[in-house]
Student: 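Before I ask anything, let me first share the structure, which is written out below as structure tokens.
Ligands are counted one by one from 1 in listed order, and the atoms in each one are counted from 1 as well.
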Amino acid sequence: MEDINVATNLHRVWRRIGEAEQLANRHSGSVSLLAVSKTKPDRYIRAAWEAGQRAFGENYAQEAEEKARRLDDLTIEWHFIGPIQSNKTRGLAETMAWVHSIDRLKIARRLSDQRPQHLPPLNLCLQVKLSDEPSKSGIAPSEIPALAAQITELPNLSLRGLMAIPAATSDYQQQRMAFKQLQTQLFELQKQHPEVDTLSMGMSGDLEAAVVEGSTLVRVGTDIFGAR
Ligand SMILES: *Cc1c(COP(=O)(O)O)cnc(C)c1O
């Protein structure tokens with residue numbers, strides 16, 4: 001694997017986020033960066049950590065758990081953003097601070113049951129499938145209220161917001177329309193659950209549009225760690 005300059009890339013992404021915040025008249029620091037390190041070696045994560053990055057995202061359960069255990073000398077906030085099989089929940093409950101890809105109650109219930117008592121509640125986002133999305137994962141917007149109500153009854157979890165992965169497009173207006181749909185869903189959810197505060201949306205190719213539409217957390221892989 002060709003080595004890349006993770007620190008330089010990271011500074012470039014932080015600058016993009018800062019410029020997008022300014023353009024959107026949002027407070028500096030209101031959008032946080034999740035560095036998506038899936039398939040990338042530990043030394044890339046260490047390089048990003050040394051440059052100041054603390055939140056990392058993974059989307060294969062076993063890889064996520066193994067990296068979290070191997071890199072436990074670093075103060076990392078681990079986020080899981082991939083599809084979840086029910087036999088993989090225990091390792092995630094033990095190692096992650098956040099799971100963004102909740103699309104059924106069964107998984108949330110297992111994570112709640114398996115969350116170790118000495119850890120703070122596991123932060124969750126519901127993954128929503130937007131209208132034009134080819135993805136198999138995610139719930140329809142109409143399913144959000146019922147799932148949210150059931151999850152907030154469970155102990156050891158904290159419902160934090162919504163996540164989506166809109167269809168990739170280079171058309172800025174189309175990007176904004178998709179992200180606006182998710183923001184509308186967050187506003188609806190906040191009527192019943194005012195504590196919910198997270199809009200997990202925006203990746204390497206569309207983070208600017210996501211920030212304009214209210215993203216609070218962008219998930220960036222390629223532009224930090226290189227192509228996969
Ligand atoms: C891989 C991945 C990302 C990062 O995508 P890039 O285009 O590489 O920035 C973000 N979110 C999810 C859910 C992913 O699987």
Student: Does E143 have any salt bridge (charged side-chain N to carboxylate O under 4.0 Å, His left out) partners at least two apart in sequence or in another chain, and if so, which?
Tutor: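 By the salt bridge (charged side-chain N to carboxylate O under 4.0 Å, His left out) rule, E143 matches no residue at all.
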
Student: Any salt bridge (charged side-chain N to carboxylate O under 4.0 Å, His left out) involving residues 178-188? Give me the pairs, sequence neighbours left out, ordered by first then second residue.
Tutor: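 Matches after skipping sequence neighbours: K180-E213, E188-K191.
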
Student: Under 3.5 Å, is there a donor-acceptor pair between the S37 and E58 side chains?
Tutor: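 Short answer, yes.
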
Student: Taking side chain as C-beta onward, heavy atoms only, is L126 less than 4.5 Å from I144?
Tutor: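 Of all side-chain heavy-atom pairs linking I144 with L126, at least one is under 4.5 Å.
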
Student: Give the residues near ligand 1 by chain and number, with the criterion being a heavy-atom distance under 4.0 Å.
Tutor: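 Ligand 1 pocket, heavy atoms under 4.0 Å: V36, K38, N59, I81, I165, M203, S204, R219, V220, G221, T222, R228.
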
Student: For S200 and R219, which I'm curious about, is there any donor-acceptor pair between the side chains at under 3.5 Å?
Tutor: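 Yes.
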
Student: How is the hydrophobic cluster of V212 composed, in terms of its other members, when Ile, Leu, Val, Met, Phe, Trp and Tyr link through side-chain heavy atoms under 4.5 Å apart, directly or indirectly?
Tutor: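 Besides V212, the hydrophobic cluster comprises Y172, listed by chain and residue number.
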
